[in-house]
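In listed order, ligands and their atoms are each counted from 1.
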Amino acid sequence: METHDVIILGAGAAGLFCAGQAGQRGLRVAVLEKADAPGKKILISGGGRCNFTNLGAGPGNYLSANPHFAKSALARYTPADFIALVDQYGIAWHEKTLGQLFCDGSAKQIVAMLIEECPKDRVTLSCDANVIGVVRAGDGMFTVSVTDGRVWRAPALVIATGGPSIPKMGASDFAYGLARQFGLKVVEPRPALVPLTLGGEDALFRELSGVAAPVLARAGSGKNTAAFAEAALFTHRGLSGPAILQISSYWRHGEEVGVTFLPDAATDWLLAAKRDRPRTHMRTLLREALPARLADALADRIGLDRELGNIGDKDLRDAQARLADWRFAPNGTEGLAKAEVTAGGIATAELSSRTMEANKVPGLYAIGEAVDVTGWLGGYNFQWAWASGFACAEALAAAHAKGETRQP
Ligand code: FDA
């Protein structure tokens, strides 16, 4: 049996970063990871180059039952802080688009940096340590056991086992079961940043598989709505591409999504075209502005396939309106197998937004994707992992200084 000041479950982005920060503050930390190596999701992230933060990351870029929850942590560890760390390690990076920062080289550099950040004499990383049981004894100590029978003890425990998206990588809902075991509520988990599937009438659009176009995509209802101007991609199952992945986090079963094709077109562009080029066919006009296969599919559905001069103004206005708000009724998503993240998770109402500690279970903390805080596509989820890990490490150090995490 090994005894430490804190046990961190999961050596992903949040767990590794928190371990380094806690170790640097003098705590003796055990990190338990079920995979044979740490940071596997980091390694595959950003197409192998890890989109490690976003210059514009702020609370407005996250979904949560409590949109205010992430404010404190995000303000205390910012993208600039993480960039300074990356620079300190001489890791070259670039902004790809929309504030998204990627390594020039490889995501391996980020994992190596996070490991290097863990002081060797204070942080012990154990891989192949699949945690199966956690109990808390009367003396306040957490006892953690793994499949091969090894056992660790500590007065503080951090849940950093992420969410269940991409189960083939070993991702699971372990965090939720553990949270419930300690009486914490879990907000219904659901796949997010995930392709949407089309059926019924919309299924015909699947014939456009491989076609991409810039769009403005909208989803959600009430306060929970969002619109993203990026590319959409038709797939053999439905819709994907950055604009669709973004709105998928806001979409709920049974709702429609709205897509504006030609988002930069002027309001009365079809009427203007009728005036300027009355002999042009609707289909030709659409083909000039959109990929041919998409233009044909839209022209077929609009059904005004004749010269613009022979189409009434009302019909043109209706066509404009339809192109500006094309309604799709997705019949589902591609599920956790294809979801970049899981939305929902350990309820923020159960945690302190300053420390990530469970309100009713002192000594128990939760960070990263396990918590009901879900970022947009574009480096926001890693920024949450760093920021929540940092807030937790600071709190662990403060509790340790007060003697609260010292072993009895
Ligand atoms: P994470 O999943 O990283 O780590 C959890 C760890 O806990 C894992 O190592 C797991 O093996 C371990 N674990 C689970 N159960 C356990 C148990 N019972 N015992 C012991 N260990 C256990 N985000 C972003 O900002 N930029 C990007 O470029 C990308 N790209 C990207 C690509 C792909 C393909 C995916 C799937 C995801 C992304 N993301 C992303 C999202 C990002 O990877 C994710 O939000 C963070 O990795 C979450 O960090 P966590 O540490 O919370 O969980």
Side-chain angles (χ1 to χ4, degrees), residues 7-19 30-54 57 61-62 79 82 93 96 98-103 107 110-111 114 125-134 144-148 150 152 157-178 191-195 242 245 249 334 336-343 345-346 356 365-389 392:
I7 300 169
I8 298 178
L9 307 184
L16 270 182
F17 188 67
C18 183
V31 190
L32 309 184
E33 167 56 52
K34 83 169 173 186
D36 58 2
K40 290 214 163 167
K41 271 195 187 166
I42 303 174
L43 293 176
I44 60 158
S45 69
R49 289 217 160 87
C50 185
N51 177 191
F52 55 80
T53 191
N54 191 295
N61 306 113
Y62 295 84
F82 196 76
W93 52 269
K96 197 167 169 192
L98 302 171
Q100 302 168 4
L101 305 192
F102 287 75
C103 298
I110 299 292
V111 175
L114 294 173
L125 169 60
S126 301
C127 292
D128 294 314
N130 185 7
V131 176
I132 45 166
V134 177
V144 176
S145 38
V146 304
T147 33
D148 64 11
R150 284 176 293 163
W152 284 260
L157 183 79
V158 180
I159 305 174
T161 50
S165 61
I166 320 282
K168 74 168 189 242
M169 290 190 67
S172 76
D173 56 4
F174 178 83
Y176 311 151
L178 188 55
L193 301 182
V194 62
L245 297 180
S249 303
E334 290 197 26
L336 290 172
K338 291 286 164 63
E340 192 162 308
V341 288
T342 309
I346 300 172
M356 305 294 138
Y365 299 75
I367 57 176
E369 197 179 317
V371 179
D372 173 33
V373 173
T374 307
W376 290 359
L377 185 75
Y380 300 98
N381 284 297
F382 280 139
Q383 188 57 37
W384 170 246
W386 321 135
S388 58
C392 178

Under a 3.5 Å distance rule, please check whether E334 uses its side chain to pair with a backbone N or O of V194 as donor and acceptor.
no
K40 touching ligand 1 at heavy-atom level, < 4.0 angstrom
no
Looking only at protein heavy atoms, what sits closest to atom 1 (P) of ligand 1 is G12 CA, 4.1 Å
Pairwise side-chain contact, V131 with T161, heavy-atom cut-off 4.5 Å (strictly under):
no
Numbered in order shown, the ligand 1 atoms found under 4.0 Å of a heavy atom of N381 are 23 (N), 25 (O), 45 (O)
For the CE atom of M169 and the CG atom of L43, what is their distance to the nearest 0.5 Å?
7.5 Å
May I ask you to check whether C50 has an N/O atom sitting below 3.5 Å from an N/O atom of ligand 1?
no
Using a 4.0 Å heavy-atom threshold (strictly under), name the region of F382 that reaches ligand 1: side chain, backbone, both or neither.
both
Under 4.0 Å from any heavy atom of E369, which atoms of ligand 1 are there?
44 (C), 45 (O), 46 (C), 48 (C), 52 (O)
With the threshold set at under 4.0 angstrom, would you say G170 reaches ligand 1 through any of its heavy atoms?
no
Could you check whether the rings of F382 and W386 sit parallel, tilted or perpendicular, using 30° and 60° as the cut-offs?
parallel
Which residue and atom name correspond to the protein heavy atom nearest atom 21 (N) of ligand 1, and how close is it?
K34 N, 3.1 Å
Ranked by distance from atom 22 (C) of ligand 1, the top protein heavy atom is T161 CG2, 3.7 Å
Does ligand 1 have any atom that is closer than 4.0 Å to a heavy atom of S165?
no
With heavy atoms and a 4.0 Å threshold, my read on which part of A160 contacts ligand 1 is backbone
Which pair of non-hydrogen atoms, one from G345 and one from Y176, has the smallest distance, and what is that distance?
CA-CE2, 3.6 Å
Note: ligand 1 atoms sitting under 4.0 Å from heavy atoms of I166 are 36 (C)
L101 side chain reached by F82 side chain, heavy atoms, under 4.5 Å
no
So is there a nitrogen or oxygen of G368 less than 3.5 Å from a nitrogen or oxygen in ligand 1?
no
Which pairs count as salt bridge (charged side-chain N to carboxylate O under 4.0 Å, His left out) when at least one residue sits in residues 37-48, sequence neighbours excluded?
D36-K40
Considering only heavy atoms, does A129 approach ligand 1 within less than 4.0 Å through its side chain, its backbone, both, or neither?
backbone
What's the shortest distance from atom 19 (N) of ligand 1 to any protein heavy atom, and which residue and atom give it?
V131 N, 3.0 Å
Please confirm whether the backbone N or O of G378 pairs with a side-chain atom of N54, one donor and one acceptor, at under 3.5 Å?
yes
Atoms of ligand 1 close to Y380 [distance to a heavy atom under 4.0 angstrom, numbered from 1]:
25 (O)
Proximity winner for atom 12 (C) of ligand 1, if only heavy atoms of R49, K338, E33 are counted:
E33
Specify the protein heavy atom at minimum distance from atom 53 (O) of ligand 1: its residue, its atom name, and the distance to 0.1 Å.
G162 CA, 3.5 Å
Report, in ascending order of atom number, the atoms of ligand 1 lying under 4.0 Å from any heavy atom of I44.
34 (C)
For atom 26 (N) of ligand 1, what's the nearest protein heavy atom and its distance?
N51 O, 2.9 Å
Any idea which protein heavy atom is nearest atom 49 (O) of ligand 1, and the distance to it?
A13 CB, 3.8 Å
Among residues at least two apart in sequence or on other chains, which ones pass salt bridge (Lys or Arg N to Asp or Glu O under 4.0 Å) with K96?
none
Per-atom filter on ligand 1: closer than 4.0 angstrom to a heavy atom of G379 are 24 (C), 25 (O), 26 (N)
Short question: side chain of N61, backbone of W376 - any donor-acceptor pair under 3.5 Å?
no
Has L32 got any heavy atom lying under 4.0 angstrom from an atom of ligand 1?
yes
Is there a donor-acceptor pair closer than 3.5 Å between any side-chain N or O of S388 and the backbone N or O of G368?
yes
Heavy-atom side-chain proximity of C18 to M356 below 4.5 angstrom:
no
S249 side chain to A192 main-chain N or O, any donor-acceptor pair under 3.5 Å?
no
Counting non-hydrogen protein atoms only, what is the nearest one to atom 29 (C) of ligand 1? Give residue, atom name and distance.
E340 OE2, 3.4 Å
Location of contacts on V341 toward ligand 1, heavy atoms closer than 4.0 Å:
side chain
Considering only heavy atoms of G46, which atoms of ligand 1 have at least one such atom less than 4.0 Å away?
28 (O), 30 (N)
Minimum heavy-atom distance between I367 and C392, given as atom pair plus value
CG2-CB, 3.6 Å
Does some side-chain heavy atom of W152 sit less than 4.5 Å from a side-chain heavy atom of V146?
yes
Short version for F52: what comes under 4.0 Å of ligand 1, heavy atoms counted, is neither
Is the closest heavy-atom distance from A171 to ligand 1 below 4.0 Å?
no
Under a 4.5 Å cut-off applied to non-hydrogen side-chain atoms, are L245 and P195 in contact?
yes
